[in-house]
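The structure under discussion appears below in the form of structure tokens.
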Amino acid sequence: MLEMNSTQPARLHATVEGRVQGVGFRAFVEQSAEALELKGWVRNRWDGSVEVVAEGQRQDLEKLLAALRRGPRASGVSEVRFEWQAAAGEFTYFSVRMTG
């Protein structure tokens, strides 16, 4: 686990499992990330999970992580696996990507 303070840029890589496809989960993540001024992407995975890569301030990524655990009203999150990484600065905005 990469140790960082809350003011340095960081990267969150998360996989969300449960009832997370077909319930507006990607749009929920996109709106949450944009509200927190994060950059990165979200996509459905072929195994039924949702994958998220986001960069920004650690404190804002923590808020996004809390939102991932909650999900939109129609969802049913059973597990969120995640890891902290160093920010790469490769994104200019937050987007929804094709299933991968």
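Each residue takes its place number in the sequence, starting with 1.
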Exercise. For residues Ala33 and Leu64, report the shortest heavy-atom separation together with the two atoms involved.
Key: N-CD1, 4.1 Å
Pairwise distance [atom1]([X]) to [atom2]([Y]) - rounded to 0.5 angstrom:
X	Y	atom1	atom2	value
Asp60	Leu38	CG	CG	5.5 Å
Gln85	Leu61	CD	CG	11.0 Å
Arg43	Thr99	CZ	OG1	8.5 Å

Exercise. Could you name each residue pair satisfying salt bridge (Lys or Arg N to Asp or Glu O under 4.0 Å) that touches residues 90-100, not counting sequence neighbours?
Key: Arg11-Glu90
Quiz prompt | Exceeds 12 heavy-atom contacts within 6.0 angstrom, atom CD of Glu79 | solution = yes
Practice problem: Dump the intermediate steps for side chain to side chain contact (heavy atoms under 4.5 Å, CB included) on Phe94 and Glu30, then the final yes or no. | Solution: CA-CA 7 Å; Phe94 199 91; Glu30 182 181 34; 4.2 Å; yes
Practice problem: Determine, step by step, whether Val77 and Leu68 satisfy the side chain to side chain contact (heavy atoms under 4.5 Å, CB included) criterion, reporting the C-alpha distance in whole Å, the side-chain angles of both residues, the deciding distance to 0.1 Å, and the verdict. | Solution: CA-CA 8 Å; Val77 176; Leu68 295 178; over 6 Å; no
Quiz item: Hydrophobic cluster mates of Trp41, side-chain heavy atoms under 4.5 angstrom, ILVMFWY only, any path?
Solution: Val53, Phe91
Quiz prompt | Any donor-acceptor pair under 3.5 Å from Glu55 side chain to Gly89 backbone | solution = yes
Quiz prompt | Test side-chain hydrogen bond (donor to acceptor under 3.5 Å, both in side chains) applied to Gln31 - qualifying residues, sequence neighbours left out | solution = none
Exercise. Please list, chain by chain and in numerical order, all residues satisfying side-chain contact (heavy atoms from CB on, under 4.5 Å) with Glu62, sequence neighbours excluded.
Key: Arg58, Leu65, Trp84
Quiz prompt | Counterpart residues, side-chain contact (heavy atoms from CB on, under 4.5 Å), relative to Ser78 (two or more places apart) | solution = Glu17
Quiz item: Side-chain heavy atoms under 4.5 angstrom apart, residues restricted to Ile, Leu, Val, Met, Phe, Trp, Tyr: same cluster for Leu36 and Val96?
Solution: yes
Let me check something: any side-chain donor-acceptor pairs from residues 19-27 under 3.5 Å, sequence neighbours excluded? List them with distances.
residue: Arg19; atom: NE; partner: Ala74; partner atom: O; Å: 3.1
residue: Arg19; atom: NH2; partner: Ala74; partner atom: O; Å: 3.1
residue: Arg19; atom: NH2; partner: Ser75; partner atom: O; Å: 3.2
residue: Gln21; atom: NE2; partner: Arg45; partner atom: O; Å: 2.9
residue: Gln21; atom: NE2; partner: Gly48; partner atom: O; Å: 3.4
residue: Gln21; atom: NE2; partner: Ser49; partner atom: O; Å: 2.8

Quiz item: Are any of the side-chain heavy atoms of Val42 and Val50 separated by less than 4.5 Å?
Solution: yes
Quiz prompt | side chain to side chain contact (heavy atoms under 4.5 Å, CB included) between Val52 and Leu12, intermediate numbers included | solution = CA-CA 8 Å; Val52 179; Leu12 171 67; 5.5 Å; no
